[in-house]
*Asks:* 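Got a structure here, written out as structure tokens. Questions coming.
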There are 2 protein chains.
Amino acid sequence: MLTQNHYTKRITLADVARVSGFSISSVSLVLNEAPLSRYVAASTKEHIRAVASKLGYRPDAAARSLRSRRSHTIGIMVSDISDPFCTLILQGIEKALHPTTYLPIIMIAHNQRKQFGRHLEMMMERRVEGLILVANWLFGEFDQLADFRKSQIPMVGVGRDLTASRVRSLQVDNEAGGYAAARHLYDLGHRKIAVLRGPSELADSDRRWNGIQRFASEVGLPLASKRVGQLPAADDPTSGFEGGYRLISAMIEQGVEFTAVIAFDDLTGLGAIRALRQTGRYVPEDCSVIGFDDVPHAAVNTPGLTTIRQPMEEMGSLAAKWVLDSLADTKPSHTATETSSLSGTLHLLPPELVIRQSTTRRLIDIRTAPVTRLGVAAQGRSRRKKE
Amino acid sequence: MLTQNHYTKRITLADVARVSGFSISSVSLVLNEAPLSRYVAASTKEHIRAVASKLGYRPDAAARSLRSRRSHTIGIMVSDISDPFCTLILQGIEKALHPTTYLPIIMIAHNQRKQFGRHLEMMMERRVEGLILVANWLFGEFDQLADFRKSQIPMVGVGRDLTASRVRSLQVDNEAGGYAAARHLYDLGHRKIAVLRGPSELADSDRRWNGIQRFASEVGLPLASKRVGQLPAADDPTSGFEGGYRLISAMIEQGVEFTAVIAFDDLTGLGAIRALRQTGRYVPEDCSVIGFDDVPHAAVNTPGLTTIRQPMEEMGSLAAKWVLDSLADTKPSHTATETSSLSGTLHLLPPELVIRQSTTRRLIDIRTAPVTRLGVAAQGRSRRKKE
DNA sequence: TTGTAAGCGTTATCAG
DNA sequence: CTGATAACGCTTACAA
């Protein structure tokens, strides 16, 4: 009344109290359905609620969290929102957080160091109660992470191994994925397999490669170095398309022979397909291609891209559950059994081979293979004449 | 000191004041670089700042916004985070907001009414100062929108026409897009053009169709109804792939002839390609396909999908600028020249034809057409023999 | 130049 | 069962 506000008059608890004729505290109790509101007369409750909604009362989040010292928010730092990999993880996080009282505060770093730092800073200021780091590509160490650690705020990383920054992390088992990819192609009869490794500064790249090598050595399959390419360093996850295209084009130009390609990720695989197609080769008839990730692109391509699937949504949900669990555990007064013992942990989830149409038996065997092996949506029915 | 907090002792202004030996207000002035801090001795400033950073002081966002009555946040409601369409708009918004002091608060509705409402509610409670609605698919009217209007909080919708809910909106010119698509195919010599319309409950669907019809009637091109299909209602934007696949499969099965397809969106176009391929037809040799949107899928498909591009990032930035402008205009005391006069406005941005490899001259003309017309990355060099 | 003090809208403790 | 009242951490007149 005194400080008559210009335009946006906000409805506060005091207003509801005044209009309803009850005290602020009663109103607060009722509207929050606090335990003590049990003793409030039903008629009173009803009246208060009616007034509140008639007035359009909405609690002020800032005041509430100032007083209660709880923000009820969980910070989600996403390195790149245009990458479907991150996006799907986000979806999983969202779903897990939805039934809780926690609100995800999403911030986007656009793969830029400065933004990471700035946003971590804001998350601290907003007093997030937990932090999930969704990283698809590079992710360095930041001062703020140390502060988060000190504040005992539960943190978990998804997508990348952030244990070096002492952040508990969640990731697909890249080694197993590489192994599965190699095995799939080998089982289809391929022996000359080209491998497109990821950029060297990505740890995943090595892990997948290790898996491939492990399988190869188990079955005695040689991996000629002329058939192994490596994507250049890049700070953009979609650069794989271009990279795959270039590497395969180069191999073809140099006369390197291969009947199958293991690509670092789906985009790289699609780039490979483009290169093959442009030189008159068809996938999968002339060459099989397998990707990694199973981003949406893979399924809608023709031919559908066979790939090693990362359970992205599941990863997101699991990460969210971890922080929720930590949050629940945090109540016990003494520091419990050292939650920090988990901080160095890296948890691996199993990948899954998704067979679509981009991989098939070596051509020489193809006539004898049952058509149904190619799957429902196989596009190979009217096979191109061999010239 | 009194309420010795168990674990998370927060550093407050009072702490900095005590340690530095100055008063809370001085510390506040200095750390905020407030106008009045001009009169503070340089040495004092330095000292205060040093203490603050040594102590690891971080202002409490809740307290700050409670006191200042400003949240410095802009709410972004995204209908579906897994849709690249939304994601790219988001990117644009982010970029425009980044240089400002406003923090985007992103909420994801997963295309579910209930979530929309719930999240709008939370945005009100968090006292967002502006609201951007990023909708790719359906978006109904919500009670909360009325409240936002009442609170004079600037709102803008991107992607869908929300003027029915009296929200100023920003959208691509769908009619022009449809027109351009039809024209492109016509110019390539196509006369039997199949059209896959979007779901009837999407207004965009009609607009694009109107554009197509307008062009057709201008050049006297008949659009036989047997060549026109319509996607079924669906609440998932990726359903277009399936839909396009089905519609084209059906047309083929019924012996309908066509040499080109205008798809409602890119996913629908990719579905069409899948159907064509599965019946032994190649794109673009046997049939051209044009999409709409230019989501990332379009570029990495082989053949690259020709499409009508929506300037999604630009749309996002523009939307953000609009709310920032409204925010700036809001200062003048008297209600200015009715900002609300804009509330019914629908702003259209021009689409852009992006020619890739999925469209080409009608086969009969193809031998005479210069190869360069197909673009740099044309995959048609080793053309399949006609059987 | 620096300090004092009055709130911002809630919640929670403690009397009545 | 209901009502004062004291914080929560910060900003900002106004005093000194």
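Just so it is clear: chains get the letters A, B, ... in the order the sequence lines come, proteins before strands, and each one is counted from 1. If you're wondering where the values come from, they're calculated on a predicted model, not measured in any experiment.
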*Asks:* Name every residue in residues 39-46 of chain A that has at least one heavy atom under 4.0 Å from any atom of DNA chain D, in order of residue number, or write none if there are no such residues.
*Replies:*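 Listed by number, they are A:Tyr39, A:Val40, A:Ala41, A:Thr44.
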*Asks:* Look at the side chain of B:Ser165 and the backbone N and O of B:Val167, then say whether any donor-acceptor pair between them is shorter than 3.5 Å.
*Replies:*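 Absent.
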*Asks:* Mark yes or no for whether A:Ser65, through its side chain, and B:Ala62, through its backbone, hold a donor-acceptor pair below 3.5 Å.
*Replies:*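 Answer holds: no.
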*Asks:* Closer than 4.0 angstrom, basic N to acidic O: yes or no for B:Asp15 and B:Arg10?
*Replies:*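 Salt bridge: no.
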*Asks:* Once you round it to whole Å, what is the distance between P of C:dG7 and CZ of A:Arg67?
*Replies:*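 Whole-Å distance recorded here is 19 Å.
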*Asks:* Counting just side-chain N and O atoms, does B:Ser25 come under 4.0 Å of either OP1 or OP2 of D:dT12?
*Replies:*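 Indeed not, no polar side-chain atom of B:Ser25 lies that close.
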*Asks:* Are the charged groups of B:Asp147 and A:Arg58 less than 4.0 angstrom apart, N to O?
*Replies:*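 So B:Asp147 pairs with A:Arg58 through a salt bridge.
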*Asks:* Could you list the residues that satisfy ring pair (Phe, Tyr, Trp, His ring centres under 6.0 Å) with B:His47, not counting sequence neighbours?
*Replies:*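 B:His47: no ring pair (Phe, Tyr, Trp, His ring centres under 6.0 Å) contacts found.
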*Asks:* Verify the contact: side-chain N or O of B:Arg58 to OP1 or OP2 of D:dG9, cut-off strictly under 4.0 Å; return yes or no.
*Replies:*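 The answer is no; no side-chain N or O of B:Arg58 sits under 4.0 Å from OP1 or OP2.
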*Asks:* Let me check I have this right: for DNA chain C, each base becomes ., (, ), [, ] or |, based on Watson-Crick or G-U pairs with both distances under 3.5 Å. What is the full string?
*Replies:* ||||||||||||||||
*Asks:* Does the pair B:Glu125/A:Arg64 count as a salt bridge with the N-to-O cut at 4.0 Å?
*Replies:*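 Salt bridge flag = no for A:Arg64 with B:Glu125.
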*Asks:* Name the closest nucleotide to the A:Thr12 side chain, picking from D:dT11, D:dC8, C:dG9.
*Replies:*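 Nearest to the side chain of A:Thr12 among the choices is C:dG9.
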*Asks:* Are B:Ser23 and C:dG3 close enough that a side-chain N or O sits under 4.0 Å from OP1 or OP2?
*Replies:*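 It does, given that an N or O in the side chain of B:Ser23 lies less than 4.0 Å from OP1 or OP2 of C:dG3.
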